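Here the structure comes first, spelled out in C-alpha cells, and everything after it is commentary.
In each ligand, atom 1 is the first atom listed, and ligand 1 is the first ligand listed. Here the structure is a predicted model, which means the values were calculated and not measured.
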Amino acid sequence: MKIVVIQGPNLNMLGVREQNIYGNMKLEQIHQNMKGFAEQNGLEIEFFQSNLEGEIVDRIQECLGEADGMIINPAALTHNSISIRDAISAVSLPTIEVHLTNIHAREEFRQKSLTAGVCAGVIAGFGPFGYHMAMIAIMQILNEVKALKEQQKAREEAIKAEANQE
Ligand code: DQA
C-alpha cells in the first residue's frame, strides 16, 4: 500500500519560519520520521512539497491509480483553494488533512478549511506529531477498506458458487 504526503506553501520553511508558532523541526526531519514509521509498517511513502497551487492540484491528480491514500497539509491554501478541494474530491482517495497548529484557535481567516469537507478527517494542533497520528489514521482506514473489499469478494464468490449448484 502506498501513501503520498503533500505539503503546501511555506512548509519548506519549517524550522526557520515563525518558530514560536510552528516549532523548530524542519520538514525533512518530519519526513524522515514518517519514512521510518512507514518502513516499520510495510507502507510505501512518497513526499511532495510545493508553493504553487497548480502543482499541488497536479500531484493530487497523479495520485489516482498510483496511491491508496493521501496525507495533506495544504497550509495557507486550506483557507482559499477550491481547486485543491475539487482535486481531492475528484481522486476520491482516503485523505487526512493535517495542520501543525490548531487553526480553530488562530486568526478568524484560518478557522475555515475549504478542504476539510472532502477529507476523511482533520488533525490539527499537535505539531509534527500530527503527521504521525495521520499515518495511524490512514493505516486504519486502508485496513478497513481492504477488509470490506475482501468481504465483498467472498460474498460475490458465495453467490456464484450457489448459482452454479442450481
Ligand atoms: C498550517 C496553518 C495555515 O493557516 C498556515 O497558513 C500554514 C500552516 C498549519 O500547519 O498549522 O502555513 O497549515
E150 and K153 ion-paired at < 4.0 Å: no
Protein N/O near ligand 1 N/O, under 3.5 Å, which pairs?
residue: ligand 1; atom: 4 (O); partner: H79; partner atom: NE2; Å: 2.7
residue: ligand 1; atom: 4 (O); partner: R110; partner atom: NH1; Å: 2.9
residue: ligand 1; atom: 6 (O); partner: A76; partner atom: N; Å: 3.2
residue: ligand 1; atom: 6 (O); partner: R110; partner atom: NH1; Å: 3.1
residue: ligand 1; atom: 10 (O); partner: N73; partner atom: ND2; Å: 2.9
residue: ligand 1; atom: 10 (O); partner: L100; partner atom: N; Å: 2.8
residue: ligand 1; atom: 11 (O); partner: L100; partner atom: N; Å: 3.3
residue: ligand 1; atom: 11 (O); partner: T101; partner atom: N; Å: 2.9
residue: ligand 1; atom: 11 (O); partner: T101; partner atom: OG1; Å: 2.6
residue: ligand 1; atom: 12 (O); partner: R17; partner atom: NH1; Å: 3.1
residue: ligand 1; atom: 12 (O); partner: R17; partner atom: NH2; Å: 3.2
residue: ligand 1; atom: 13 (O); partner: N73; partner atom: OD1; Å: 2.9
residue: ligand 1; atom: 13 (O); partner: H99; partner atom: ND1; Å: 2.8

Partner set under ring-ring contact (aromatic ring centres under 6.0 Å, His included) for H132, not counting sequence neighbours: F37, F129
Non-neighbouring partners of E18 that pass side chain to side chain donor-acceptor pair (under 3.5 Å), sequence neighbours left out: none
Sidechain-backbone polar pair: N41 side chain, L43 backbone, donor-acceptor under 3.5 Å: no
Side-chain (Q19) to main-chain (G15) donor-acceptor, under 3.5 angstrom: yes
Salt bridge (charged side-chain N to carboxylate O under 4.0 Å, His left out) pairs, two or more places apart, involving residues 91-106: none
